[in-house]
Amino acid sequence: QVRLVESGGGLVQPGGSLRLSCVASGSILSIYRMGWYRRAPGKQRELVARITTDGSTHYADSVKGRFTISRDNDKNTVYLQMNDLKPEDTAVYYCNADRRYNLGAVWGQGTQVTVSS
């Protein structure tokens, strides 16, 4: 099995920055895509960014130009660098891993990001 452990959330002022980290352990070779999702209060969970093993990335329109997703394969870690944070970015952020061979998705525990003055 794959386990995801997240860190890096917190409280920041508008315009500030945070970097989220997600460390994967277990059957990591089964992972072909990892990403970050978020759930804001009163809203559905939405995709923020994702990255595949070949380095291809995808971003939600709301975070393009501000957020960057990256992977460090040697550390089995995916990062989400968040710059120019806005109050609308306030949400619980979840790390996600999609696996090959119909093994299904794995989710982290979630980390709170709050952007407020």
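Hydrogens, waters and symmetry mates are skipped; everything else that's a heavy atom, side chains included, is used.
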Disulfide bond (SG atoms under 2.5 Å apart) pairs, two or more places apart, involving residues 26-94:
none
Reported CD-to-OG distance for the pair Glu46 and Ser62, which is rounded to 0.5 angstrom:
5.0 Å
Quick one: hydrophobic cluster around Tyr37, which other residues, with the 4.5 Å side-chain cut-off, linked directly or via members?
Leu47, Val92, Tyr94, Trp107
Please list every donor-acceptor pair under 3.5 Å in which a side-chain atom of residues 19-31 meets a protein atom from a residue at least two apart or in another chain.
{"from": "Ser30", "atom 1": "OG", "to": "Ser27", "atom 2": "O", "distance (Å)": "2.6"}

Are the side chains of Gln81 and Ser17 in touch, meaning some heavy atoms are under 4.5 Å apart?
yes
side-chain contact (heavy atoms from CB on, under 4.5 Å) between Asn96 and Val106: does it pass, once the steps are laid out?
CA-CA 6 Å; Asn96 163 263; Val106 180; over 6 Å; no
Does CZ belonging to Arg3 count more than 12 external heavy atoms closer than 6.0 Å?
no
Spacing of CD1 belonging to Ile51 relative to OG belonging to Ser56, to within rounding of 0.5 Å:
8.0 Å
Closest approach of Phe67 to Tyr59 (non-hydrogen atoms, all atoms of both residues):
O-CE2, 3.3 Å
Taking atom CZ of Arg39 and atom OG1 of Thr90, what is their separation to the nearest 0.5 Å?
13.0 Å
Side-chain contact test, heavy atoms from C-beta onward, threshold under 4.5 Å: evaluate it for Arg66 versus Asp89 and give yes or no.
yes
Please name the pair of heavy atoms, one in Leu4 and one in Gln109, separated by the smallest distance, quoted to 0.1 Å.
O-OE1, 3.7 Å
Donor-acceptor contact below 3.5 Å, side chain Arg99 vs main chain Gly104:
yes
Do Leu103 and Gln1 come close enough that some side-chain heavy atom pair is under 4.5 Å?
no
Quick one: do Asp61 and Lys64 make a salt bridge, cutoff under 4.0 Å?
yes
Do you know which of Thr68, Asp72, Ile69 makes side-chain contact (heavy atoms from CB on, under 4.5 Å) with Tyr79?
Asp72
Shortest non-hydrogen pair, Tyr93 vs Glu6, comes out as O-OE1, 3.2 Å
Side chains of Arg38 and Arg45: closer than 4.5 Å at any heavy-atom pair?
no
In chain order, what residues pass the side-chain hydrogen bond (donor to acceptor under 3.5 Å, both in side chains) check against Glu88, with sequence neighbours excluded?
none
Output all residues satisfying side-chain hydrogen bond (donor to acceptor under 3.5 Å, both in side chains) with Thr57, sequence neighbours left out; order by chain, then residue number.
none
Is the closest basic N to carboxylate O distance between Asp98 and Arg50 below 4.0 Å?
no
Going by heavy atoms in the side chains, are Arg100 and Thr53 under 4.5 Å from each other?
yes
Sequence neighbours excluded and cut-off under 3.5 Å, please list the side-chain donor-acceptor pairs for residues 110-117, or say none.
{"from": "Thr111", "atom 1": "OG1", "to": "Gly9", "atom 2": "N", "distance (Å)": "3.3"}
{"from": "Gln112", "atom 1": "NE2", "to": "Ala91", "atom 2": "O", "distance (Å)": "3.4"}
{"from": "Gln112", "atom 1": "NE2", "to": "Thr114", "atom 2": "OG1", "distance (Å)": "3.3"}

